[in-house]
Enquirer: 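Mind looking over this structure? Questions follow.
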Amino acid sequence: MIAKIGRSNNLFGVLSYNNTKIQQEKGEIILTSKMVETLNGQYSVPQLMKSFEPYLIANQKTEKHTLHISLNPDPRDHVSDQKYKEIAEQYMREMGYGEQPFVVFKHTDIDRSHIHIVSVCVDENGKKISDQFEKVRSMKICRELEKEFGLQPATEKQSHQNMKTFRAVDYKKGNVKSQISSVIRHLSEYYQFQTFGEYNALLSLYNITTEQIEGELHGKLKKGLLYFPLSDDGKKTGHALKASLFGKTAGLESLQLHFEKCKLSLKNKPLQKDLKSLILTTFQSTDNESDFKRQLAQHHIDTVIRKNEKGRIYGVTFIDHHSKTVWNGSNLGKELAANHFNDYWNSNIKPEIKDPRVLSPKSLSNDTHLPVEETYHLFDFLSTDKHEDALIEALGNLIPEAQGEDYEELDFLNQLKKKKKKRPNR
């Protein structure tokens with residue numbers, strides 16, 4: 001089970017979001033604790049607000065007073081309403097919020113059911129309840145709840161089984177903007193890529209592509225990006241979406257800075273030589289594109305091949321999900337330039353490999369991995385406060401891909417984060 005903890009200064013907005021799910025018949029209130037009850041057991045947002053008002057009035061100086069927690073079991077878990085109630089009560093009690101008023105919403109709007117808990121993190125005297133080591137404590141409590149209630153454990157093993165922590169966009173499901181946003185807002189945080197082509201190759205894994213645009217505005221040349229959803233066969237579908245809709249990290253200027261940063265970071269790293277040797281060995285030991293891709297996929301490396309209308313290969317890019325790096329073939333070495341792949345697979349002209357580091361085909365096994373020092377696992381961040389937030393956020397995606405993603409929720413939470421308190425004019 002994965003817990004996501006959010007904080008906001010907009011209690012009304014958080015309650016309205018959950019109440020909208022009820023109105024859409026995609027949610028229900030399954031538990032209230034220390035809340036003002038209604039005669040018919042039905043609640044409106046203003047009625048729910050009444051239970052929290054004394055706490056907000058007493059609040060001394062806590063800006064983000066609203067607590068919004070989602071508890072997400074594995075899709076294989078079939079959790080009854082009664083079990084959800086017990087889980088919510090125990091979670092809140094052990095996190096230090098057992099004496100607070102809170103309401104539990106059950107959501108059924110995606111492939112898996114899950115619950116949302118709304119409360120406030122200031123006590124009846126207006127004092128903030130300690131959140132020290134909150135996320136680490138939350139993970140520990142989730143592991144205990146998994147054992148007690150017989151739930152599927154969210155373990156490190158799961159992270160290896162689901163190396164792609166993002167889901168591909170499905171334009172047929174709608175909410176294309178939210179789906180694209182849930183992918184691209186994280187890519188530059190977790191992956192290193194040095195060119196626009198490498199970025200697009202990474203995007204293509206998630207049925208997204210982007211194009212650069214130029215235009216003149218008020219006599220000045222302006223550059224930007226447009227994002228498009230792709231169909232399963234790689235063709236553009238739907239309307240173009242401006243990068244500005246997804247925040248600064250999705251824009252051209254931010255990406256160009258990321259390119260330069262990655263070029264410096266990856267320059268002359270041992271990772272490049274080891275990855276090159278692994279790919280060359282696979283190239284030598286296979287006879288066609290399909291087998292080549294399949295063998296590299298066993299090492300958590302995706303291969304993106306670009307071809308023209310006549311089938312000629314003009315680009316090859318490798319995405320290594322172990323080290324979270326993206327490499328154009330020619331950047332790894334001239335032996336991995338696109339023309340070599342085209343000559344071999346289309347014309348049966350096998351290139352001569354002169355790399356002395358190439359492994360023998362017999363040494364290539366499913367257990368071959370790149371050096372540990374260049375491998376980044378999410379659980380490695382547990383020991384550092386700096387990466388704690390990134391870890392917890394990423395863990396929300398470690399449940400197997402069949403779970404579905406609540407894109408509306410992600411979009412809603414992003415909007416709340418953007419609403420900053422306005423500074424008074426001086």
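Owing to the predicted nature of the structure, the values given are computational and were not obtained by experimental measurement. All residue numbers refer to positions in the sequence shown, counting from 1.
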Enquirer: Measuring from Ile129:CD1 to Glu99:CD, what's the distance to the nearest 0.5 Å?
Expert: 9.5 Å

Enquirer: Can you name the side-chain hydrogen bond (donor to acceptor under 3.5 Å, both in side chains) partners of Thr249, sequence neighbours left out?
Expert: none

Enquirer: Would you say that more than 12 heavy atoms from the other residues, nucleotides or ligands in this model lie under 6.0 Å from the CD of Glu253, or not?
Expert: no

Enquirer: Other residues, nucleotides and ligands only: do more than 12 of their heavy atoms fall within 6.0 Å of CD on Glu25?
Expert: no

Enquirer: Is it the case that His107 and Asn18 place a side-chain donor and acceptor less than 3.5 Å from each other?
Expert: yes

Enquirer: Please tell me whether Trp345 and Phe292 form a close aromatic pair, meaning their ring centres lie under 6.0 Å apart.
Expert: yes

Enquirer: Does a donor on one side chain sit under 3.5 Å from an acceptor on the other, for Asn19 and Ser16?
Expert: no

Enquirer: Please check if any side-chain donor atom of Gln90 sits under 3.5 Å from a side-chain acceptor atom of Glu148, or the reverse.
Expert: yes

Enquirer: Quick one: are the ring centres of Tyr97 and Tyr91 less than 6.0 Å apart?
Expert: no

Enquirer: Tell me, yes or no, whether the heavy-atom count around Asp232 atom CG, taken from other residues, nucleotides or ligands under 6.0 Å, exceeds 12.
Expert: no

Enquirer: Just checking, is any N or O donor in the side chain of Arg294 or Thr286 under 3.5 Å from an acceptor N or O on the other one?
Expert: no

Enquirer: Would you check if the distance from the ring center of His321 to the ring center of Tyr191 is below 6.0 Å?
Expert: yes

Enquirer: Looking at Phe228, is Lys236 sitting on its ring face, NZ or CZ under 6.0 Å from the six-membered ring centre and within 45 degrees of the normal?
Expert: yes

Enquirer: How long is the straight-line distance from CD of Glu289 back to CD1 of Ile305, given to the nearest 0.5 Å?
Expert: 5.0 Å

